[in-house]
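Reviewing the structure listed below.
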Amino acid sequence: MDRKELEKRVDEANITADPIFSWVMEQGTNCRDLLQAIAPELHIQTASFETQKRLKFHPAMHGIIPDIYATDDKGRVFDIELQMTLPDFLGKRMRYYFSMMDQSLFMQGENYRNLPTTYLILILPTDPLGLDQYRYNTTWSTKGFKHDPLNIGQNLILLNASGTKGKITPRLQGFFDLMRGKINTNDSFIQKLQSDVEKYKTNPERRKELMDYQMKLDDMRYVGEKTGKEEERIDAIKKMIKLSRKLNASNDFILKQLTEDYGSYFSQKELKQFIKNN
C-alpha cells in the first residue's frame, strides 16, 4: 500500500476501527452513555472502565483482550466487543470470554456469593442468528420457576447493527448508523462520538497509531488472499513486527497484536520467538 492510499484509508476510518473505538470510549462519559443506550433497563448511573485490558492467567493459556471492560455502580461487570465481521466459532468464543471474565473476578478464598453478575455484549455488523432482530438476549433459563433458583448471573447481549425487528433505543440506532458513516445530528451523544473520532484522526500521535493499524489490516488481507500456508503467515508476521519497530512499539504491544491476529496458528512461545528474531 502506498502512502497516498494509506492516508486515504486513515481519512475514511470511522468509529469501527479498533484503536479509534477504544480511544473514543475513554473520553468523558462515552462508555457509560453507550451502556445506557444498549441496556436502558439496567439503569446504569456510573461506570468505570478499561480499554484493551488483557485477561490471561497462565503463560500457556489463550488470553483475551476486551475492547471495553467496565464495572457499573451496582458492581455488574461488562465486556463490550465491537466486531466488524462475524468471528469464527462465535458460540465457543463467547463461552471462553465468560470463563476468562470469571477468573479475573474471583480470587482465591472468596465466597461464590461474591461473584458479580456479568454481561458479554457483542456489537456485530450482521445478524448472527438469522432472525433479523436488532438485539438478542440470552441467559441461563429457569423458565417455570417463580424465582431464579440458580441465579447464574451470566448475560449475553448480541447486537445486530443491520437488524430491522424489535425495539432498541434511538441512541443505539444512532450508534449503528454511525458505524456505517451516517451521523444523527439530532443526538448530542452521537455528535460527540463523531467529534472525538475526528479529534483522534487529526492528533499526530493518534494518526500514526491508526496508520499502523491500517497497515496491519493490509497485511491481514495479504495473508487472506494467499493460500494460508504457514510460511505466508510467518512472512506477514515479520512484516508486522518490522513496521511496529519503525513506530517504536514495545515488545508487549507487538505480542498483543500478534496474539490477536495469529494466536490461533502459533503458540505464545513461537510468537515471542518471532519478536526476538526480528
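Note that these values count all heavy atoms, side chains included, but never hydrogens, waters or copies made by symmetry.
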Test log, rule side chain to side chain donor-acceptor pair (under 3.5 Å), inputs Arg32 and Asn30 = CA-CA 6 Å; Arg32 183 206 66 184; Asn30 288 348; over 6 Å; no
Output yes when a side-chain donor or acceptor of Asp127 lies under 3.5 Å from a complementary backbone atom of Leu131, and no otherwise.
->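 Yes; at least one donor-acceptor contact below 3.5 Å.
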Between the main-chain N or O of Thr185 and the side-chain N or O of Gln191, is there a donor-acceptor pair closer than 3.5 Å?
->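 Side chain of Gln191 to backbone of Thr185: a pair is present.
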Is there side-chain contact between Tyr134 and Lys167, with at least one heavy-atom pair below 4.5 Å?
->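 A side-chain contact is absent here, since even the closest heavy-atom pair is not under 4.5 Å.
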Can you check side chain to side chain donor-acceptor pair (under 3.5 Å) on Gln173 and Asp177, steps first, answer last?
-> CA-CA 6 Å; Gln173 180 63 68; Asp177 290 341; 3.2 Å; yes
Verify whether the ring centers belonging to Phe266 and Phe274 lie closer than 6.0 Å.
->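 They qualify: ring centres under 6.0 Å apart.
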Nearest-0.5 Å distance, CG of residue Asn278 to OG of residue Ser244 |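 Answer rounded to 0.5 Å: 11.0 Å.
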Can you tell me how far OG1 of Thr16 sits from CE of Met179, rounded to the nearest 0.5 angstrom?
->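 The OG1 atom of Thr16 is 6.5 Å from CE of Met179, to the nearest 0.5 Å.
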Does a side-chain N-to-carboxylate-O contact under 4.0 Å join [X] and [Y]?
{"X": "Lys208", "Y": "Asp212", "result": "no"}
{"X": "Asp11", "Y": "Lys8", "result": "no"}
{"X": "Lys4", "Y": "Glu7", "result": "no"}
{"X": "Lys192", "Y": "Asp196", "result": "yes"}

Donor + acceptor pair across side chains of Glu209, Tyr200 (<3.5 Å) =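 There is such a pair between these side chains.
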